S.K.: 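What follows is a single structure, and I will ask about it in a moment.
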Amino acid sequence: MATSKPSAFGQDTLDAVTHERSLGMPGTFALWLGANVVVTTILTGMFLAPDLSFLHAMTLVFLGSAIGIIPLVLIGVMGQQTGMTTMVLARGTFGRLGATFPAWVNLLALIAWSWIQALLAGMSLDYAVQSLTGYSNVALFTVICEGLVVLIALRGHLGIETAEKIAAVLMLALSGVVVFALASNYDLPSIVEMEARGGLGAGVAFDIVIATAFSWIPLAADYNRHCKSLRAAVVGTWSGYVTATLIATGLGASVSALSIAIGFPQTYDPTQLLSSFGFGLPAALVIFFSVLTTNVMCVYSATLSYMSTAPRTPFWKPALVIGVVSVIGSLIPGILDQFQTFLLIIGSVFIPAFSLMIVDYFLLGRERYSAAHLMGQGSTLPAVNPVAFVSYGVGAALAYYWNWVSPLDFGASLPVFVITGALYYSASHVRRHVGRAAA
């Protein structure tokens, strides 16, 4: 990075040697808790209840998040052990040039995430300001929120880690206030006794929870490369994510079920239920802080994805451009209407890719995942790994077929993940055997 730039700008690079090991167990826990106590996870809980009973929904949430987070933990371990970002690691699987494909897909997906998150943050801040002053301007507050996101992201991973720790404490406290308000003003235990209304199968619900966890995988190594120990990368990530998912989906399912129980039209906005009791502001602040922390992570990882395709680019330049693009995109009308479909698309795109990376690193060729191989000028990696792309194509086709053409009762995410990895493992061994025989 040019030395003329202010030190307030992040000095983040793709370097696997000089990056800081700044995350211990508490920091890693706070990072992933802050990432997933977010309104989109709250919305996931609202999708589940009252179509499923509350206890059934929360059981699926726990199992889905506990299992679905394992691939994210494994990619995070790859980052912690090698010191490299997710999309640099992708070079070991897809090849030096082939890795630009997942990098650009990830960049575009994270920008789309940022659009959704920026609008949700703007809506929450608008509610908070309106409740205090009477002034309302969603577009203005969306721009302000995304501007704050860009400022934090420009500080680099150290700024994000600090923001996540503060936000995690605030969100836990505010979530406690919201739950207290619900329990004080409504018959909260009654939601446990509500019967399921049907309409959403347990398999589909489980798959949505899995897909939500899988949607975080592209960010795993970007942050866990900074973990001080393997234990922090594994235990801190798993416990932080699962705790956050239970809190957020539990809050969402409670609000959705209560709105039905008391005769409200089913609402996806907790502020509507709580505003008449004076607790709409805490609910809005929970959503604001949660979206802010998640959006910062999206902008940061999108920046690293771009840098993996153009390694000499100073960090602050793509971070600033991506932030501006996120501001503009967040103002697109009707962007929230396709949220659930977007989750399934993300799963279809990324589940096969990261299945390949996990199999390649842990079962086939860890020796390729060194800085010399992935980032060195004299790298012996192939430009493209055809076996990886053929396996990925099969996995993506299965994900599309089982999600939209002939949906499986138990969801597509896990079958696609396992089948794609098994196919790649088998094909790689056949390729090696043929190569040895030819030699």
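Bear in mind that the values here come from a model prediction, so they are computed numbers and not experimental data. Both backbone and side-chain heavy atoms feed into the values below; hydrogens, waters and symmetry mates do not.
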S.K.: Do Gln81 and Tyr361 get their side chains close enough for a donor-acceptor pair, meaning under 3.5 Å?
M.R.: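 Side-chain D/A pair, Gln81 to Tyr361: present.
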S.K.: Is the ring pair Phe350/Phe354 parallel, tilted or perpendicular, if the boundaries are 30 and 60 degrees?
M.R.: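 Aromatic pair Phe350/Phe354 classed tilted.
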S.K.: Can you confirm whether the side chains of Ser370 and His373 place a donor and an acceptor under 3.5 Å from each other?
M.R.: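 His373 and Ser370 do have a side-chain donor-acceptor pair below 3.5 Å.
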S.K.: Measuring from Ser308:OG to Leu374:CG, what's the distance to the nearest 0.5 Å?
M.R.: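 Reported value, rounded in 0.5 Å steps: 11.5 Å.
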S.K.: Just how far is it from atom CZ of Arg225 to atom CE of Met78, taken to the nearest 0.5 Å?
M.R.: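 Going from the CZ atom of Arg225 to the CE atom of Met78 covers 13.5 Å.
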S.K.: Quick check against the 3.5 Å criterion: does Thr294 have a side-chain atom that pairs as donor or acceptor with the backbone of Ala35?
M.R.: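 Yes, the answer is positive, given that a donor and an acceptor are paired below the 3.5 Å cut-off.
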S.K.: With a 6.0 Å cut-off on the ring centroids, do Phe141 and Tyr127 count as close?
M.R.: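 So the answer is no for these two rings.
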S.K.: Which pairs, with at least one residue in residues 140-154 and sequence neighbours excluded, count as a side-chain hydrogen bond (donor to acceptor under 3.5 Å, both in side chains)?
M.R.: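 Non-adjacent pairs meeting side-chain hydrogen bond (donor to acceptor under 3.5 Å, both in side chains): Ser114-Glu146, Glu146-Asn295.
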S.K.: Distance from Ser305 atom OG to Tyr300 atom OH, nearest 0.5 Å?
M.R.: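 Result: 11.0 Å between the selected atoms.
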S.K.: Report yes or no: does Arg91 contribute a side-chain atom to a donor-acceptor pair with the main-chain N or O of Ala99 at less than 3.5 Å?
M.R.: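 No, the answer is negative, given that no donor and acceptor are paired below the 3.5 Å cut-off.
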S.K.: Who passes ring-ring contact (aromatic ring centres under 6.0 Å, His included) against Phe54, sequence neighbours left out?
M.R.: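 With sequence neighbours excluded, Phe54 shows a ring-ring contact (aromatic ring centres under 6.0 Å, His included) to no residue whatsoever.
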S.K.: Are Thr212 and Tyr241 side-chain neighbours, meaning at least one heavy-atom pair lies under 4.5 Å?
M.R.: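 With C-beta onward as the side chain, the pair touches.
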S.K.: Hey, what's the ring geometry for Phe214 with Phe417, parallel, tilted or perpendicular (30° and 60° as the breaks)?
M.R.: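 Phe214 vs Phe417 ring planes: tilted.
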S.K.: Testing Lys228, His226, His157 for side-chain hydrogen bond (donor to acceptor under 3.5 Å, both in side chains) with Glu20, which one passes?
M.R.: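 Exactly one option meets the side-chain hydrogen bond (donor to acceptor under 3.5 Å, both in side chains) with Glu20, and it is His157.
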S.K.: Who are the side chain to side chain donor-acceptor pair (under 3.5 Å) partners of Arg431, not counting sequence neighbours?
M.R.: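 With neighbours one apart ignored, the set is Asn385.
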S.K.: Can you confirm whether Thr86 sits close enough to Leu219 that some side-chain heavy atom of one is under 4.5 Å from a side-chain heavy atom of the other?
M.R.: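 No, their side chains stay 4.5 Å or more apart.
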S.K.: Check side chain to side chain donor-acceptor pair (under 3.5 Å) between Thr162 and all other residues, then give those that pass, not counting sequence neighbours.
M.R.: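 Thr162 satisfies side chain to side chain donor-acceptor pair (under 3.5 Å) with no residue once adjacent residues are dropped.
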S.K.: Less than 3.5 Å apart, any donor N or O on the side chain of Tyr369 or Thr93 sitting next to an acceptor on the other?
M.R.: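 Result is yes, a qualifying pair exists.
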S.K.: Is any side-chain heavy atom of Pro318 closer than 4.5 Å to one of Met307?
M.R.: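 Met307 vs Pro318: side chains touch.
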S.K.: What pairs of residues pass the salt bridge (charged side-chain N to carboxylate O under 4.0 Å, His left out) test when at least one of them lies in residues 352-371, not counting sequence neighbours?
M.R.: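 Output for this query lists Asp360-Arg368.
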S.K.: Taking the six-membered ring for Trp and the full ring for Phe, Tyr or His, determine whether the centres of Tyr392 and Tyr424 are under 6.0 Å apart.
M.R.: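 No: the rings miss the under 6.0 Å criterion.
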S.K.: The criterion is side chain to side chain donor-acceptor pair (under 3.5 Å); which residues satisfy it with Ser65, sequence neighbours excluded?
M.R.: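 For Ser65 there are no side chain to side chain donor-acceptor pair (under 3.5 Å) partners, ignoring immediate neighbours.
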S.K.: My understanding is that only one of Asn224, Thr243, Val73, Thr245 makes a side chain to side chain contact (heavy atoms under 4.5 Å, CB included) with Trp32; could you say which?
M.R.: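 For Trp32, the side chain to side chain contact (heavy atoms under 4.5 Å, CB included) check succeeds only for Asn224.
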